[in-house]
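Here the structure comes first, spelled out in structure tokens, and everything after it is commentary.
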There are 2 protein chains.
Amino acid sequence: MGVRERRPVTSVDVAKRAGVSQSAVSRAFSRTASIAPGTREKILKAAAELDYRPNRIPAIMLSGRSGMVGVVVGGLSNPFYAGALEHLVCSLRERGLQVLLVHVDDALTLDDALEQLLGYRIDAVVTALAIGSKAVAKALDALRIPVICFNSRLTGQWISTVSSNNRAAGVVAARVLRERGVMQPVWLAGALRNAASVARGEGFRRGLGAMAGELVSLQGADTYESGYDAVSAMLLRGVRPDGMFCSNDMMACGAIDALCERAGLSCSRDVMLLGYDNIPQGAWRAYDLTTFDQGVGQLVKTACEVLANALEAGGEPVSQNIVIEARLVERGSTAGG
Amino acid sequence: MGVRERRPVTSVDVAKRAGVSQSAVSRAFSRTASIAPGTREKILKAAAELDYRPNRIPAIMLSGRSGMVGVVVGGLSNPFYAGALEHLVCSLRERGLQVLLVHVDDALTLDDALEQLLGYRIDAVVTALAIGSKAVAKALDALRIPVICFNSRLTGQWISTVSSNNRAAGVVAARVLRERGVMQPVWLAGALRNAASVARGEGFRRGLGAMAGELVSLQGADTYESGYDAVSAMLLRGVRPDGMFCSNDMMACGAIDALCERAGLSCSRDVMLLGYDNIPQGAWRAYDLTTFDQGVGQLVKTACEVLANALEAGGEPVSQNIVIEARLVERGSTAGG
DNA sequence: TTGTATGCGTTATCAT
DNA sequence: ATGATAACGCATACAA
């Protein structure tokens, strides 16, 4: 006698036990179909006894819609993205959508991953990739399903974006520093192809106005270490800032530690410093970081609404671009003194 | 004329274009089936022209296996779990498995989520839930598919676990503190139902030996804030520790900040302090935290091997329990002086 | 090697 | 309200 593979319970099994037709079972589990309460009761009882669970796979074949959304993430090591993912998963589930998660390092992995996801007939893609290129946009647009991007400049007829107003926040950061008498401002940029970082830097420079001539720009790469290293190098060059805007909180924490350890400079006694994202670690006492809150909750909620719109468009491409204002969260790193 | 829903390209479309049968197309995309190279060539060309992508859904119906693994996460706000998830997603994908992600707050959500995942005929479940109860174990075991848990004590004939040696690490932590002349040790526990935390505490107490009588135990909840609050309260009670072991790094960071801010105590000048998990933030200069590294890479790799075994068992329950030694990472918080 | 035919477990349509 | 039946797109056993 060979191994007996345990065959999952099907609607036919339930039908047999309840003494009804298979279609009756289907109707018993359907919201829309009409069925006599008694029959329904009987069927649910039989289903419970057999531990029957409706199989969604055939429904996918018939409808062509899987109820699954491909979610493509890059750096989960940034708590901002980890938090956003957590929110996203919950919000999508509330709308009856499942998350098929993919992690991507480079464009190569992306193509590969999308290929696989398409095999599962995902209904849409949501990406929180910080970095976007033309090639990525093209690959995503070619899927011919709705794509929602966070804080990205990707464009395409199937691509929608939900972003915080990065440029405006940059202007606000500059105003804060100017108002408090900063003389030597520094901008710590994120990765070169991070569109959000570029916009934040543009706003900052614009907001500085006449003072932009004094601006020192550092190149980071969105990580704590890159912030620490960039600031350390700057200090070695003899630059002594009294105000800084960092493209994200991770780099801001690195900057704070470098300022303190390498030059004994403290935020905010000596340097006014702002970050972006409002990650939990920024609120930790050791950093007490002033930052911009993108409102993850609202960002995700909006993305889900855009997604729902796109899914209801019935196969026609939808492209929306929504901008949300970031909120300044003032903490000790700009308290002055 | 109504909206024309764009029907995805099927193997029949490709067959028509290539002038072959539908089964030939299926074979052209199969690793195992035999097909003439020329025919294969012709079919792949037609497929490329039509932008055909094999649909995996029907194969799921036939085989009963979806190639999808349900991954259940709790606190992604803990960077340790975020990092583990990132590793897990990559490792599973290398084995051709997709990740269906679910976030769970409580047992209620869990039941609900598992219900939904089962509808997609997931092949297995991987959980990184810090907190497990009998009810959770029962719900998972009832799925009748392989379940892999990290750092958990859940048991069941379908449940396997991969854990670091929490108890042994606790003993090591105690030895470190004893060797360096600590007189007033403190244990900061994680959430009550966190099995890993309980084991770490047991090991610590045992490792303290005769000194266990002096031990002060604090109750935390796995978060930075809970660590900060617990230590603050302790300081108010007049306890002045010179050595601490915290059940995880998040709480350790909170503890360090509270020690400094509320009592001017510094790690390691005044207090020797150890955490657990080796999250990136522990290495940040402001904390410089001595901790235990669970080896996320190896933990995840092992979990995937266990998973692969279980999947190959062909419907028979598999239950393995694997323990991996954690590695002490010494940094400034135990440097002394 | 290749084509034909069958079945996977549902939902939707139709007739009763 | 209910039952019979046809799809959905692919993989496979079988026939050629």
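In what follows, chains are A, B, ... by sequence order, proteins preceding strands, each numbered from 1. Note: hydrogens, waters and symmetry copies are ignored here, and every other heavy atom, side chains too, is used. What you are looking at is a predicted structure, and each value in this text was computed from that prediction instead of being measured.
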Could you state the atom-to-atom distance from [atom1] of [X] to [atom2] of [N] in whole Å?
X     : N      : atom1 : atom2 : value
B/I35 : C/dG3  : CD1   : C1'   : 12 Å
A/R40 : D/dT2  : CZ    : P     : 12 Å
B/R65 : D/dA11 : CZ    : P     : 16 Å
B/K42 : C/dG3  : NZ    : P     : 8 Å
A/I60 : D/dC10 : CD1   : P     : 14 Å

Inspect the surroundings of CD in A/Q320 and state if more than 12 heavy atoms from other residues, nucleotides or ligands are less than 6.0 Å away.
yes
Counting neighbours of CZ on A/R193 that are heavy atoms of other residues, nucleotides or ligands and sit closer than 6.0 Å, is the number greater than 12?
no
Scan B/V125, B/I148, B/V162 and name whichever one has a side-chain contact (heavy atoms from CB on, under 4.5 Å) with B/L307.
B/I148
Do A/L140 and A/L114 have side chains that approach each other closer than 4.5 Å (heavy atoms only, starting at C-beta)?
yes
Is there side-chain contact between A/I322 and A/T161, with heavy atoms separated by less than 4.5 Å?
no
So how far is it from A/L101 CG to A/L85 CG, rounded to the nearest 0.5 Å?
6.0 Å
Without hydrogens or angle criteria, can the side chains of A/Q294 and A/S164 be said to hold a donor-acceptor pair below 3.5 Å?
yes
In numerical order, the residues of residues 111-119 of chain B whose heavy atoms come under 4.0 Å of DNA chain C are none
How bent is the helix from C/dT1-D/dA16 to C/dT16-D/dA1, measuring the angle between the end axes built from five pairs each, rounded to 10°?
40°
Passes side chain to side chain donor-acceptor pair (under 3.5 Å), A/Q157 versus A/S319? Steps please.
CA-CA 6 Å; A/Q157 56 174 347; A/S319 176; over 6 Å; no
Would you give a per-nucleotide map of nucleotides 10-16 of chain C, 5' to 3', where B means the base has a protein non-hydrogen atom under 4.0 Å away, S means only the sugar-phosphate does, and - means neither?
BBB----
What nucleic acid atoms does B/T39 come within less than 4.0 Å of, heavy atoms only: base, sugar-phosphate, or nothing?
sugar-phosphate
Apply ring pair (Phe, Tyr, Trp, His ring centres under 6.0 Å) to residues A/Y52 and A/F29 and explain how you reach the verdict.
CA-CA 11 Å; A/Y52 166 73; A/F29 282 91; 5.3 Å; yes
